[in-house]
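Read through the structure below, which is laid out as C-alpha cells, and then see the notes.
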Amino acid sequence: MNIKNFKVPTLLVISGPTAVGKTEFAIQLAKQYKTVIISADSRQFYKEMRIGTAFPTPEELNSIPHFFVGNLSIQDYYSVSKYEQEVLQLLTDLFMKHEVVVMTGGSGLYIDAVCKGIDELPDPDAEVRKLVVDLFEKEGAEALRNQVRILDPEFYQNADIANYKRLMRALEVCWQTGKPYSWFLKQTQHVRHFDMAKYYLNRPREILFDRINKRVDVMMEQGLLDEVKTLYPYKCLNALNTVGYKELFDYLDHKM
RNA sequence: GGUGCUGUAGCUCAGUUGGUAGAGCAACGGACUGAAAAUCCGUGUGUCACUGGUUCAAUCCCGGUCAGCACCA
C-alpha cells in the first residue's frame with residue numbers, strides 16, 4: 001500500500017470483519033511509516049484474554065509498539081468514553097514524534113468515538129447502575145419501559161424498547177442526572193486536530209469464514225479451553241461476555 | 001444374519017390422533033452515544049431418506065429398500 005499526500009498529522013484507521021487480517025496489515029503499515037499502533041478492539045484490552053481474542057503475537061508486539069493491548073484487567077471498569085479520552089490524550093503525545101499513527105480494530109463504536117466524538121454524559125454511578133439492574137432483574141423490561149416512558153418520553157418514542165440494555169442505560173442517566181437521557185444526545189461535531197484516513201478491509205465471505213474456522217482450530221491448539229477454564233470464576237464479568245468464551249463456558253457447564 | 005431404535009431446515013431436535021410443518025442455534029438484513037466481540041428487531045430456510053400400497057388426501061398408517069446406531073448371534 002502506498003499512501004501519499006496525507007496532511008500531517010494523520011490517524012490511519014484500519015477496520016474490517018473478524019479474521020480479515022487487520023493486525024497483519026496494520027503492522028505492515030506501521031513499519032512502512034515507522035510508527036505505532038493503537039488497538040481499537042474492545043476485548044484485546046484485557047490482559048487475561050489472549051488466545052480467544054487473537055491477541056497479537058509476542059513477535060508482533062515486539063516489532064511495533066502497541067497501545068491499548070492488554071492494558072486492562074477483566075475486573076476493571078471501562079467504557080467508550082474513557083477510551084476516547086485516553087486515545088485523544090495519547091495521540092497528542094504520539095503526533096509530536098510521528099506524522100502518522102495507525103489505529104486498528106473491530107470495535108466500531110470505539111473507533112467512532114475517537115474519530116467523531118461522543119456527547120458529554122456523566123460516567124455511570126455504580127450505585128445507580130445497580131438500582132437499574134435490580135429493577136430489571138426483579139421486575140423485567142416492562143418496569144424499565146414504564147420508568148423511561150415517564151422520565152424520557154422523547155427517547156421512549158424513538159428507541160428500541162425491546163432492547164433492555166439501551167433502556168437500562170437511558171434510565172440510569174435519567175435517575176443519575178434528573179434530566180432525560182435524550183437531552184444529552186446532541187450529536188455535536190467534535191473538532192479533531194489531526195487528519196484521518198479510514199480503510200475498511202474485506203474479503204469474500206467464503207474466504208473469511210474459512211479463515212475464522214482455521215483460527216478457531218489454532219486457538220484450541222494453543223489452549224483456549226485452558227484459558228477459558230482459568231477465567232471460569234469470572235464468567236459473569238462483562239469482559240467475558242464475549243464470543244468464543246461464552247460458548248466454552250456453556251460447554252464446561254454441559255449446556256453445549 | 002436376527003431384533004430394536006433412528007432418518008424432518010446448514011446443525012440439534014419438536015410435531016402432525018392423516019388435510020404438505022416449527023423451535024433453538026447458525027445464516028441473511030437492520031438498529032443501537034460511557035456494558036458494543038454487548039444488546040435488540042426483522043426474514044424462512046424443507047422432495048419431512050427412497051420406493052410401492054391403503055386413502056378424497058400420506059411427512060404421519062402398512063410393506064419393501066437404503067443409511068446410521070444399539071443389542072443378540
Side-chain angles (χ1 to χ4, degrees), chain A residues 15-20 22 39-46 49-55 72 74-88 105-126 128-130 132-133 136-137 141 144-145 148 152 154-177 180-190 205-206 208-209 212-213 215-216 219 224 228 231 234-251 254-256:
Chain A
S15 66
T18 298
V20 75
K22 295 185 289 293
S39 168
D41 186 311
S42 70
R43 287 302 185 271
Q44 283 180 8
F45 298 157
Y46 301 104
M49 300 164 67
R50 286 170 184 264
I51 298 173
T53 60
F55 232 62
L72 293 177
I74 50 171
Q75 313 221 38
D76 293 334
Y77 168 78
Y78 206 62
S79 73
V80 217
S81 167
K82 283 192 159 198
Y83 180 77
E84 180 202 12
Q85 290 163 24
E86 289 174 14
V87 170
L88 291 178
S107 302
L109 184 66
Y110 283 66
I111 292 173
D112 282 350
V114 170
C115 296
K116 299 178 189 166
I118 48 176
D119 288 315
E120 291 274 324
L121 277 160
D123 278 329
D125 178 273
V128 175
R129 177 159 285 192
K130 189 176 181 306
V132 172
V133 171
F136 174 65
E137 283 175 355
L144 297 176
R145 268 176 235 130
V148 172
D152 191 351
E154 190 187 330
F155 178 78
Y156 188 84
Q157 276 288 316
N158 306 314
D160 176 2
I161 56 169
N163 190 334
Y164 65 90
K165 286 214 175 190
R166 303 309 314 148
L167 283 175
M168 285 199 278
R169 174 61 188 150
L171 182 55
E172 170 180 273
V173 171
C174 294
W175 278 356
Q176 197 174 322
T177 64
Y181 176 57
S182 53
W183 186 85
F184 292 94
L185 307 181
K186 295 169 181 153
Q187 303 189 346
T188 36
Q189 279 287 10
H190 294 248
R205 294 215 141 219
E206 261 177 46
L208 220 42
F209 282 31
I212 292 169
N213 288 335
R215 171 181 275 190
V216 172
M219 284 177 177
L224 180 58
V228 171
L231 296 173
Y234 307 101
K235 67 173 183 160
C236 292
L237 294 175
N238 179 58
L240 288 163
N241 186 189
T242 296
V243 72
Y245 290 83
K246 288 194 269 196
E247 289 79 4
L248 287 175
F249 288 140
D250 279 348
Y251 167 73
H254 303 287
K255 286 184 200 158
M256 185 183 277

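Given the structure is predicted, the values throughout are model-derived calculations rather than measurements. Letters go in sequence order (proteins before strands), and every chain restarts at 1.
For B:C61 and B:U3, the C1' atoms lie 22 Å apart once the distance is rounded to whole Å. Atom C1' of B:C32 sits at a distance of 8 Å from the matching atom of B:U39, rounded to the whole Å. B:G63 and B:A26: their P atoms are spaced 41 Å apart (whole Å). Using atom C1' as the reference point in both B:U6 and B:C60, the two lie 16 Å apart (nearest Å). Straight-line distance between the P atoms of B:A58 and B:A38: roughly 47 Å, to the nearest whole Å. The separation of B:C25 from B:A9, taken at their C1' atoms, amounts to 12 Å, rounded to a whole angstrom. Annotation: B:C71 and B:G29 have their P atoms spaced 46 Å apart (nearest Å). Between B:U65 and B:U55, the two C1' atoms lie 23 Å apart (nearest whole Å).
Heavy atoms of A:E84 sit nowhere under 4.0 angstrom from any nucleic acid atom. Within 4.0 Å (heavy atoms only), A:T53 reaches at least one base atom of the nucleic acid. Nucleic acid contact class of A:Y245 (heavy atoms, under 4.0 Å, all strands): none. Nucleic acid contact for A:T242: base, since at least one base atom lies under 4.0 Å from a heavy atom of the residue. A:V132 comes within 4.0 angstrom of nothing in the nucleic acid, heavy atoms only. Counting any heavy atom pair closer than 4.0 Å across all strands shown, A:N241 reaches sugar-phosphate atoms only and no base atom. Residue-level contact check: A:F184 touches neither bases nor backbone, having no heavy atom under 4.0 Å from any strand. Residue contacts shown for A:E120 include a base, since a base heavy atom lies under 4.0 Å away. No engagement by A:Y83 is indicated, since no non-hydrogen atom pair under 4.0 Å with the nucleic acid exists. Within 4.0 Å of A:F209, counting heavy atoms only, lie sugar-phosphate atoms of the nucleic acid but no base atom. The residue A:D41 sits close to a base: some heavy atom pair falls under 4.0 Å.
The nearest whole Å value for the distance from the CZ atom in A:R166 to the P atom in B:G30 is 20 Å. Between A:R145 atom CZ and B:U39 atom C1' the separation is 14 Å, expressed in whole Å. Rounded to whole Å, the distance from OH on A:Y77 to P on B:A38 is 18 Å. Taking atom OH on A:Y156 and atom P on B:C32, their separation rounds to 18 Å, with Å as the unit. A straight line from CD of A:Q157 to P of B:A31 spans 20 Å, rounded to a whole angstrom. Protein atom CD of A:E247 is 16 Å distant from nucleotide atom C1' of B:U12, rounded to whole Å. Following rounding to the nearest Å, A:L167 (CG) and B:A35 (P) show an atom-to-atom distance of 14 Å. Taking atom CG of A:N238 as the reference point, atom P of B:U39 lies 9 Å away to the nearest angstrom.
The phosphate of B:G34 (OP1 or OP2) has a side-chain N or O of A:Y181 nearer than 4.0 angstrom. Phosphate contact (OP1/OP2 of B:C41, side-chain N/O of A:K165, threshold under 4.0 Å): absent.
A:E172 places no side-chain N or O within donor-acceptor distance of the main-chain N or O of A:V128, the cut-off being under 3.5 Å. Side-chain N or O atoms of A:N213 include one that pairs as donor or acceptor with a backbone N or O of A:F209 at under 3.5 Å. Not a single donor-acceptor pair under 3.5 Å links the side chain of A:E154 to the backbone N or O of A:W183. Using modelled atom types, no side-chain atom of A:Y234 and backbone atom of A:L240 make a donor-acceptor pair closer than 3.5 Å.
Checking B:G34, B:C41, B:A35 against the side-chain heavy atoms of A:D123 singles out B:G34 as nearest. Of the candidates B:A36, B:C40, B:A35, B:A35 carries the atom nearest the A:R129 side chain, counting heavy atoms from C-beta on.
Classified by interplanar angle (parallel below 30°, tilted 30° to 60°, perpendicular above 60°), the ring pair A:Y83/A:Y78 is perpendicular.
Between atom CZ of residue A:R169 and atom CG of residue A:L121 there is a gap of 5.5 Å, rounded to the nearest 0.5 Å. In this structure, CD1 in A:I118 is found 13.5 Å from CZ in A:F184, a value given to the nearest 0.5 Å. Remark: A:D41 CG to A:S15 OG distance equals 12.0 Å, nearest 0.5 Å.
Residues A:T53 and A:Y245 are in side-chain contact: their nearest non-hydrogen atoms beyond the backbone lie under 4.5 Å apart.
Stem list for RNA chain B (at least 3 consecutive Watson-Crick or G-U pairs, distances under 3.5 Å): B:1-7 with B:66-72, B:10-13 with B:22-25, B:27-31 with B:39-43, B:49-53 with B:61-65.
Partners of A:R145 by salt bridge (charged side-chain N to carboxylate O under 4.0 Å, His left out), not counting sequence neighbours, listed by chain and number: A:E142.
Base orientation of B:G4: anti, since the glycosidic angle falls outside 90° of 0.
Mapping A:Q44 and A:G117 onto RNA chain B by nearest heavy atom places A:G117 at the nucleotide closer to the 5' end. With the nearest nucleotide of RNA chain B identified for both A:G52 and A:S81, A:S81 has the one nearer the 5' end.
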